[in-house]
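Since the structure comes first, as structure tokens, the remarks are kept for the end.
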4 protein chains.
Amino acid sequence: MSEGRRGAARSETARLAILEATAALFAERGYDHLSIEGIATRAGVGKQTVYRWWPGKSALIAECLLEGMLLPERFAMPDTGDLRADVVAWLTEVEAVLESPTGEGLFRSLIAAASENVDVARRLRESLADPRLFLPRLLAARDSGEVRADLPVEEVSEALVGAVMLRALAHSPADPGLPRRLVDLTLGPRPS
Amino acid sequence: MSEGRRGAARSETARLAILEATAALFAERGYDHLSIEGIATRAGVGKQTVYRWWPGKSALIAECLLEGMLLPERFAMPDTGDLRADVVAWLTEVEAVLESPTGEGLFRSLIAAASENVDVARRLRESLADPRLFLPRLLAARDSGEVRADLPVEEVSEALVGAVMLRALAHSPADPGLPRRLVDLTLGPRPS
Amino acid sequence: MSEGRRGAARSETARLAILEATAALFAERGYDHLSIEGIATRAGVGKQTVYRWWPGKSALIAECLLEGMLLPERFAMPDTGDLRADVVAWLTEVEAVLESPTGEGLFRSLIAAASENVDVARRLRESLADPRLFLPRLLAARDSGEVRADLPVEEVSEALVGAVMLRALAHSPADPGLPRRLVDLTLGPRPS
Amino acid sequence: MSEGRRGAARSETARLAILEATAALFAERGYDHLSIEGIATRAGVGKQTVYRWWPGKSALIAECLLEGMLLPERFAMPDTGDLRADVVAWLTEVEAVLESPTGEGLFRSLIAAASENVDVARRLRESLADPRLFLPRLLAARDSGEVRADLPVEEVSEALVGAVMLRALAHSPADPGLPRRLVDLTLGPRPS
DNA sequence: GGCTAAGCGAGACGGTACGTCGAGTCTTGGG
DNA sequence: CCCAAGACTCGACGTACCGTCTCGCTTAGCC
């Protein structure tokens with residue numbers, strides 16, 4: 001029954017201190033000025049304790065993302081029954097964060113982290129628009145005639161999240177009309 | 001009339017050697033194992049010669065991109081008159097590159113580079129689908145009724161390029177039907 | 001009457017395993033590549049069990065020396081009645097060991113250990129030529145006229161062992177005539 | 001004719017700062033608490049600058065010894081014409097240093113360093129009694145009848161320096177009569 | 001043609017961070 | 001209370017590159 005493990009158990013205190021230090025330094029200085037050495041120092045932890053449990057800084061970011069320490073909860077899409085309005089609301093929130101001075105660099109940093117770690121990429125995408133939540137909404141909308149019947153639903157969130165990322169990468173200025181236009185583009189005109 | 005400069009002129013040999021070394025090492029080892037030191041050595045050039053002309057490695061990548069040393073020319077979109085077919089053709093080519101073992105990492109590395117240098121981001125986007133070429137095509141298509149009149153044309157290439165990037169980041173497997181579906185999503189069903 | 005100690009007694013098995021591991025690793029890798037961690041692992045013992053009973057690696061070496069696990073027994077000086085011949089015999093044995101590939105490094109390592117632990121120094125010296133055995137021989141020799149009456153006997157073994165150490169430190173090559181000459185130097189010419 | 005060297009020349013400032021830091025830290029903390037990291041910091045120098053020119057800390061000690069930064073000059077043996085008196089004087093000086101609180105540890109540290117680096121061993125020995133100076137004195141003394149004609153002169157300095165080292169290793173207390181007795185032992189009684 | 005810049009290959013310099021090893025301490029669970 | 005296991009903090013290792021700074025040489029417009 002017993003695991004047979006011997007020796008001291010992993011310290012949850014250390015684990016949290018490390019993740020918090022990572023999140024703080026990531027927000028302050030960005031992904032590529034992030035150093036394991038700095039994280040360990042800030043967390044009051046030996047470097048070895050970091051390396052014992054994580055292979056590198058991208059894995060730390062992935063775990064922070066999973067624990068919701070980097071991006072706000074509010075990116076979850078609301079469900080008011082009106083799909084277009086809900087997606088617009090979600091995109092607007094995302095834009096609001098990207099407009100903020102901290103949010104902008106943070107998001108670009110996340111993309112950098114994502115580019116060297118699949119986990120980060122997947123979790124980043126899910127943080128923005130989880131396909132497992134997005135898809136059912138779209139399928140329902142297709143059934144109810146809210147969107148055209150042959151809409152390629154799988155690609156909708158890819159296109160939306162992708163466009164947002166691309167704009168973040170290119171430092172494109174915030175654009176208040178954008179969410180609506182992107183929704184119009186991907187979901188098509190509201191059926192009369 | 002003359003520039004008035006004295007002393008030796010900039011060596012084009014050195015410039016090219018540096019860019020070629022950059023492109024080669026970038027392809028071999030990826031963006032974040034790229035080092036100025038390594039580039040200078042491989043190019044048979046002093047480090048100072050690199051620093052004299054470029055501020056850092058992201059600028060080198062930006063210039064390589066501009067010189068077409070990283071991505072093939074063929075990403076240019078053909079113009080057969082049939083917009084949907086042309087876009088599908090372009091997307092198919094992009095996918096072909098991303099499918100290749102070298103292309104995949106290379107593209108992700110470019111995204112990493114883009115995340116820390118706007119120029120790279122812009123040039124990367126233009127290498128894939130230059131809005132200055134894309135937009136006129138779309139406007140014409142809107143005029144000719146090939147796409148619906150209220151299509152938000154500015155956002156089309158953003159959504160397409162963004163979706164491709166997102167899939168590359170997430171190591172999504174190549175999908176032969178994808179180009180058609182993405183075109184269908186963004187340009188809408190072909191008018192009857 | 002009883003010691004009053006409670007709990008398990010010290011494990012002789014562990015003690016021996018540790019000393020054997022120490023001797024083996026010391027012979028294999030030398031004093032300063034010796035690590036408590038390595039010893040514990042090799043001995044199949046927890047690090048704490050080492051630290052509970054010894055303050056550090058030099059103490060382990062001292063105990064190994066005491067147990068005769070590092071240097072052979074044969075360094076004991078024979079007693080044939082002829083002092084000079086006996087000392088030459090002893091020196092010849094020492095030289096034989098120092099000539100051997102393993103012995104050379106081992107001896108230098110012992111000097112390193114001795115330099116940071118008095119006990120090791122004393123035991124090393126005693127392993128070579130124990131003054132408690134050496135001195136009586138010399139006093140008897142002085143009485144019997146085998147050596148000059150005013151010979152400073154205390155210093156003889158110091159000079160002999162010291163010369164041997166110095167030659168080991170300096171990687172001096174083995175020299176077959178050396179024992180005889182050193183004996184001649186310190187004990188003086190055989191009286192006629 | 002020219003060396004063909006290019007690039008900046010080695011910085012003598014850095015070299016000296018490193019050697020001085022080494023000597024200071026060595027005297028303060030002993031050989032095995034000496035760290036390259038500490039030396040570099042104290043010298044105000046990058047670690048690489050140390051590693052570029054020396055393979056490790058024992059080589060640094062060897063060079064310090066060569067530059068006379070560790071042991072005083074006065075170990076040179078005087079030459080008053082009276083060999084025995086000169087050697088006694090030299091030994092007395094050595095003892096004086098070993099008696100001093102700093103000298104004792106420093107000397108043992110040197111032995112530790114010598115045990116892992118032949119150069120240190122040789123230079124240490126030469127610092128105490130350079131055979132190239134010692135030997136001619138002895139040969140002359142043998143010719144002049146000051147010492148017996150069959151004295152094995154090569155071994156004299158080995159025995160003397162060795163005895164001193166051995167006593168240092170074993171933390172033997174200083175003994176004012178020792179120099180005279182050692183000289184008596186090795187050079188024999190003064191001829192009548 | 002000699003003078004004065006600038007460019008160049010090379011490479012040393014003071015630094016930061018890497019990822020690893022080992023030190024010595026502490027904790028867990030079993031005997 | 002001992003033991004094996006092993007996680008902990010901390011310090012140092014030796015390496016890789018950073019970006020700056022000489023070196024000694026070559027190149028080229030200017031007097």
Side-chain angles (χ1 to χ4, degrees), chain A residues 2-11 13-14 33-41 43-53 55-57, chain B residues 2-11 13-15 33-41 43-53 55-57, chain C residues 5-11 13-14 33-41 43-53 55-57, chain D residues 2-11 13-15 17 33-41 43-53 55-57:
Chain A
S2 113
E3 269 278 343
R5 281 256 296 85
R6 277 195 292 180
R10 174 171 184 183
S11 158
T13 312
H33 294 95
L34 202 58
S35 73
I36 303 277
E37 200 125 2
I39 290 169
T41 303
V45 138
K47 262 202 291 183
Q48 203 56 250
T49 302
V50 180
Y51 283 111
R52 198 175 353 256
W53 303 110
K57 60 182 185 171
Chain B
S2 103
E3 271 279 344
R5 291 252 285 79
R6 274 196 295 179
R10 175 171 185 183
S11 155
T13 313
R15 186 183 149 267
H33 293 96
L34 201 59
S35 72
I36 302 280
E37 199 125 355
I39 290 168
T41 303
V45 137
K47 271 203 288 182
Q48 201 55 249
T49 304
V50 179
Y51 283 112
R52 201 177 349 255
W53 303 109
K57 62 181 184 172
Chain C
R5 292 251 283 79
R6 274 193 297 175
R10 174 172 185 182
S11 155
T13 314
H33 293 96
L34 202 59
S35 72
I36 302 279
E37 198 127 356
I39 291 168
T41 303
V45 137
K47 271 205 286 183
Q48 202 54 248
T49 305
V50 179
Y51 282 111
R52 192 161 16 239
W53 304 108
K57 62 182 185 171
Chain D
S2 115
E3 268 279 345
R5 280 259 296 87
R6 279 195 290 178
R10 174 171 184 183
S11 156
T13 313
R15 188 184 146 265
H33 293 96
L34 201 58
S35 73
I36 302 278
E37 199 125 4
I39 290 168
T41 302
V45 137
K47 262 202 290 184
Q48 203 55 248
T49 302
V50 180
Y51 283 111
R52 192 164 12 244
W53 303 108
K57 60 183 186 170

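To find a chain, count down the sequence lines: A is the first, B the second, and so on, and within it residues start at 1. Given the structure is predicted, the values throughout are model-derived calculations rather than measurements.
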For [X] and [N], what is the distance between atoms [atom1] and [atom2] respectively, to the nearest whole Å?
X	N	atom1	atom2	answer
C/Tyr51	F/dG6	OH	P	17 Å
A/Glu37	F/dG11	CD	C1'	11 Å
A/Lys57	E/dG19	NZ	C1'	14 Å

- Message: Taking donor-acceptor contacts at under 3.5 Å, does the side chain of D/Lys47 reach the base of E/dG15?
- Response: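 No such pair is found, so the answer is no.
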- Which residue, A/Leu34 or C/His33, contacts DNA chain E at a nucleotide closer to its 5' end, judged by nearest heavy atom?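 Checking each residue's closest nucleotide, the 5'-ward one belongs to A/Leu34.
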- Residue mapping more 5' on DNA chain E - nearest nucleotide basis, D/Gly46 or A/Ile36: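 Going by which nucleotide is closer to the 5' end, it is D/Gly46.
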- Item | Least distance between heavy atoms, D/Ala43 atom then D/Ala17 atom |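 So the minimum-distance heavy-atom pair works out to CB-O, 3.5 Å.
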N/O donor to acceptor pairs below 3.5 angstrom from side-chain atoms of residues 34-41 of chain D, sequence neighbours left out:
| residue | atom | partner | partner atom | Å |
| --- | --- | --- | --- | --- |
| D/Ser35 | OG | D/Gly38 | N | 2.9 |
| D/Thr41 | OG1 | D/Glu37 | O | 2.9 |

- Message: According to side chain to side chain contact (heavy atoms under 4.5 Å, CB included), who are the partners of B/Thr13, at least two apart in sequence or on a separate chain?
- Response: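 So B/Thr13 forms a side chain to side chain contact (heavy atoms under 4.5 Å, CB included) with B/Ser11.
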Please list, for nucleotides 2-7 of chain E, all pairs of protein and nucleotide N/O atoms separated by less than 3.5 Å.
| residue | atom | partner | partner atom | Å |
| --- | --- | --- | --- | --- |
| E/dA6 | O4' | B/Arg6 | O | 3.3 |

- Query: A/Val45 side chain: which of F/dC17, F/dT9, F/dC13 is closest?
  - Reply: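 Of the candidates, F/dT9 comes closest.
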- Message: Side chain of D/Gln48 only, heavy atoms from C-beta on: which candidate in E/dC18, E/dA23, F/dC17 is closest?
- Response: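 In terms of side-chain proximity for D/Gln48, the closest of E/dC18, E/dA23, F/dC17 is F/dC17.
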- Query: Within 45° of the six-membered ring axis of A/Trp53 and under 6.0 Å from that ring's centre, is NZ or CZ of A/Arg10 located there?
  - Reply: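 The answer is yes; both the distance and angle limits are met.
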- Task: Quick one: do A/Val50 and A/Lys47 satisfy side chain to side chain contact (heavy atoms under 4.5 Å, CB included)? Show the steps, please.
- Result: CA-CA 5 Å; A/Val50 180; A/Lys47 262 202 291 183; 5.7 Å; no
- Message: Categorize C/Gly44 for me: base, sugar-phosphate, or nothing, with a 4.0 angstrom heavy-atom threshold over every strand shown.
- Response: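 Sugar-phosphate only.
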- Query: Given that A/Ala14 and C/Ala14 both sit by DNA chain F, which one's nearest nucleotide is further toward the 5' end?
  - Reply: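 Per heavy-atom nearest nucleotide, the more 5' residue is C/Ala14.
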